[in-house]
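It should be emphasised that the depicted structure is a prediction, and the values quoted were computed from it without experimental measurement. These values consider heavy atoms only, across backbone and side chains, with no hydrogens, waters or symmetry-generated copies.
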Amino acid sequence: MMQSNTPLVWDLPDEQATDTLARQLAALACGQSSPSLAAGGRIHLRGELGAGKTSLARAFLRAAGVTGRIKSPSYALLESYNVSSLYFYHFDFYRFSDAHEWRDAGFDELLADQAVILIEWPEQAGTRLPPPDLDILLEYAGDGRRAWLRACSEKGQLWLQHLTPSP
């Protein structure tokens with residue numbers, strides 16, 4: 001697994017900043033930002049309860065073109081969407097009590113390279129998950145949040161190179 005030593009730090013003082021990050025990430029994951037970047041990818045979202053994982057995922061899915069209600073997968077574990085033949089899978093493993101639940105649920109079959117995968121609480125699946133392209137840690141920062149984005153693949157590194165945080 002390739003991992004960047006230096007994360008990109010993105011301040012999220014308000015909902016608009018979160019939407020900006022989500023729009024840029026969605027464009028990259030949907031293959032709209034650069035002809036050299038194929039659609040698809042895996043993003044892990046980590047952080048304490050209330051740190052903004054679901055808010056970022058919802059803004060991402062909305063920016064990717066998902067219309068209608070975007071539900072949190074907290075109880076269902078998975079919500080899936082299809083936009084223009086691109087599949088989006090939004091997982092939430094908060095309720096996993098054992099890492100084997102990942103394998104037993106059969107979710108590994110959904111991790112296709114041409115799909116966009118968002119996983120909240122990936123640490124609950126232990127080491128069973130394949131590495132993400134991008135690992136995002138969200139944490140509280142005063143009244144807002146701060147995102148630490150770390151590339152874990154060549155695709156993730158390319159994504160980081162294309163992101164432009166607001167000043």
If the condition is side chain to side chain donor-acceptor pair (under 3.5 Å), which residues does Arg23 pass it with, not counting sequence neighbours?
Thr20

For Glu139, side chain to side chain donor-acceptor pair (under 3.5 Å) partners two or more places apart
Trp148

Does a sphere of radius 6.0 Å around CD in Glu48 hold more than 12 heavy atoms from other residues, nucleotides or ligands, not counting ones at 6.0 Å or beyond?
no

Is there side-chain contact between [X] and [Y], with at least one heavy-atom pair below 4.5 Å?
X      : Y      : result
Leu21  : Leu149 : yes
Glu120 : Arg46  : no
Leu25  : Leu134 : yes
Leu86  : Tyr81  : no
Leu12  : Leu138 : yes
Ser153 : Trp159 : no

Does either side chain, that of His44 or that of Glu123, offer a donor lying less than 3.5 Å from an acceptor on the other one?
no

Once rounded to the nearest 0.5 Å, what's the spacing between atom [atom1] of [X] and atom [atom2] of [Y]?
X      : Y      : atom1 : atom2 : value
Asp92  : Lys71  : CG    : NZ    : 13.5 Å
Gln157 : Cys152 : CD    : SG    : 10.0 Å
Ile117 : Ile43  : CD1   : CD1   : 10.0 Å

Closest approach of Arg42 and Pro130, non-hydrogen atoms and distance?
NE-CG, 4.0 Å

Exercise: identify the closest heavy-atom pair between Ala39 and Lys155
O-NZ, 3.9 Å

So Trp121 and Tyr94, would you call those rings parallel, tilted or perpendicular, with 30° and 60° as cut-offs?
tilted

Angle between ring planes, Tyr89 versus Tyr87, binned at 30° and 60°: parallel, tilted or perpendicular?
parallel

List in chain and number order the residues that pass salt bridge (charged side-chain N to carboxylate O under 4.0 Å, His left out) with Arg58, two or more places apart in sequence or in another chain; answer none if no residue qualifies.
none

Given Leu118, Leu78, Leu129, Leu45, the one that forms side-chain contact (heavy atoms from CB on, under 4.5 Å) with Phe91:
Leu78

Between Asp11 and Arg146, is the closest basic N to carboxylate O distance under 4.0 Å?
yes

Applying a strict under-4.5 Å side-chain criterion to I, L, V, M, F, W and Y, I'd like to know whether Val116 and Leu163 cluster together.
yes

